Amino acid sequence: MSRTNNLLFRRANSADIPAMSMIRLSVTENRLSDPARVTADMYERYLELSGRGWVAESDNEIVAFCYADKVNASIWALFVSPGHEGRGLGQALLKLATDWLFAIGHDSIRLTTGVNTRADRFYSAQGWSRAPVSATDIGYSLSRSRTVE
């Protein structure tokens, strides 16, 4: 657990799932066309079995979250609530997730996001390697040797 200014970064738990789901459904980009595709069971599974999750709290309200998939060495989710963007929450949560994935032995981490989106620009700005996946998706990877402190 770490605290920065009025922000608290901590491991996610089952009680956080409703707030994370609300954030996921409130974003303006990378919207789910079918909200039923991401279930509470999926959030629960990534808490420990398949990965690990973290949240950012501001004034006791969850305003951002990130999940790392330990099986596939990937970032399963990283979302910031509208109105809380630009505060470094995504960067801090991404660092927690990538540090953990590297600490458990992965040498490379990957993810996929929509092409020409804010997320696309975000991961590029974080120093991740970018490679096309399809006409609508872009893949990113980060190797242990490329991490920036």
Side-chain angles (χ1 to χ4, degrees), residues 1-114 117-130 137-144 146-149:
M1 189 169 18
S2 66
R3 190 175 289 278
T4 306
N5 298 328
N6 291 332
L7 296 171
L8 172 68
F9 296 91
R10 64 169 175 80
R11 290 263 308 273
N13 61 57
S14 295
D16 300 325
I17 292 173
M20 291 185 289
S21 181
M22 285 183 59
I23 291 168
R24 177 65 183 94
L25 296 174
S26 72
V27 297
T28 57
E29 284 190 348
N30 196 9
R31 296 183 68 110
L32 286 174
S33 57
D34 178 7
R37 287 183 48 211
V38 178
T39 65
D41 181 58
M42 293 169 93
Y43 283 102
E44 188 71 42
R45 191 171 58 243
Y46 280 102
L47 285 176
E48 286 299 328
L49 295 175
S50 299
R52 185 168 284 178
W54 296 265
V55 296
E57 287 185 8
S58 178
D59 297 323
N60 296 317
E61 176 189 1
I62 295 171
V63 295
F65 72 96
C66 183
Y67 271 94
D69 179 335
K70 69 181 177 185
V71 176
N72 297 312
S74 65
I75 302 301
W76 181 66
L78 174 58
F79 293 95
V80 177
S81 181
H84 293 276
E85 299 99 335
R87 297 174 59 192
L89 304 177
Q91 282 180 299
L93 289 168
L94 184 61
K95 181 163 178 22
L96 290 169
T98 56
D99 285 353
W100 179 72
L101 286 168
F102 289 138
I104 64 171
H106 294 290
D107 291 322
S108 180
I109 303 168
R110 61 185 179 81
L111 63 89
T112 303
T113 194
T117 60
R118 288 174 58 200
D120 184 3
R121 293 183 295 279
F122 171 80
Y123 292 110
S124 181
Q126 304 311 305
W128 289 55
S129 297
R130 186 177 190 269
D137 289 324
I138 199 77
Y140 278 94
S141 64
L142 180 70
S143 64
R144 184 188 307 266
R146 288 195 53 159
T147 56
V148 179
E149 292 297 318

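For the single chain, residues carry numbers from 1 onward in sequence order. Note: hydrogens, waters and symmetry copies are ignored here, and every other heavy atom, side chains too, is used. Because the structure is a prediction, the values reported are computed rather than measured.
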Rounded to the nearest 0.5 Å, the CD1 atom of Ile109 sits from the OG atom of Ser141 at a distance of 10.0 Å
Step by step, would you call Trp128 with Ile75 a side chain to side chain contact (heavy atoms under 4.5 Å, CB included)? CA-CA 12 Å; Trp128 289 55; Ile75 302 301; 4.0 Å; yes
With distance as the sole test, does Thr98 use its side chain to make a donor-acceptor pair with the main-chain N or O of Leu94 at under 3.5 Å? yes
Please tell me if the side chains of Leu142 and Ser108 come closer than 4.5 Å, counting only heavy atoms from C-beta onward. no
Validation row: His84, Leu89 side chains within 4.5 angstrom (heavy atoms): yes
Should Ile138 and Thr112 count as side-chain neighbours, where that means a heavy-atom distance under 4.5 Å? no
Does a side-chain heavy-atom distance below 4.5 Å link Arg52 with Leu47? no
Nearest heavy atoms of Leu101 and Asp69, plus distance in Å: CD2-O, 3.7 Å
On a heavy-atom basis, the closest approach of Ala64 and Ile23 is N-CD1, 3.6 Å
Could you tell me which non-hydrogen atom of Val80 sits nearest to which non-hydrogen atom of Gly90, and how far apart they are? CG2-N, 4.0 Å
Go through the steps for Glu85 and Arg118 under the test side chain to side chain contact (heavy atoms under 4.5 Å, CB included), then give the verdict. CA-CA 11 Å; Glu85 299 99 335; Arg118 288 174 58 200; 3.1 Å; yes
Do you know the tightest heavy-atom contact between Leu93 and Phe9? CD2-CD2, 3.9 Å
Run the salt bridge (charged side-chain N to carboxylate O under 4.0 Å, His left out) test on Arg10 and Asp16 for me, step by step, so that the C-alpha distance in whole Å, both residues' side-chain angles and the decisive distance to 0.1 Å come before the verdict. CA-CA 11 Å; Arg10 64 169 175 80; Asp16 300 325; 2.8 Å; yes
Candidate pair Ile62 and Met22, rule side chain to side chain contact (heavy atoms under 4.5 Å, CB included), full reasoning: CA-CA 10 Å; Ile62 295 171; Met22 285 183 59; over 6 Å; no
Of the non-hydrogen atoms in Asn13 and Met20, which two are nearest, and what is the gap between them? O-CE, 4.4 Å
Tell me the closest heavy-atom pair linking Trp54 and Ala68, and the distance in Å. CZ3-CB, 3.9 Å
Roughly how far, to the nearest 0.5 Å, is the NZ atom of Lys95 from the SG atom of Cys66? 12.5 Å
Assess the residue pair Thr113 and Asp137 against the criterion (side chain to side chain contact (heavy atoms under 4.5 Å, CB included)); give the C-alpha distance rounded to whole Å, side-chain angles, the decisive distance to 0.1 Å, and a yes or no. CA-CA 6 Å; Thr113 194; Asp137 289 324; over 6 Å; no
Look at the rings of Tyr123 and Tyr140 and say which category their plane angle falls in: under 30° parallel, 30 to 60° tilted, over 60° perpendicular. tilted
With a 4.5 Å cut-off on side-chain heavy atoms, are Arg110 and Asn72 touching? yes
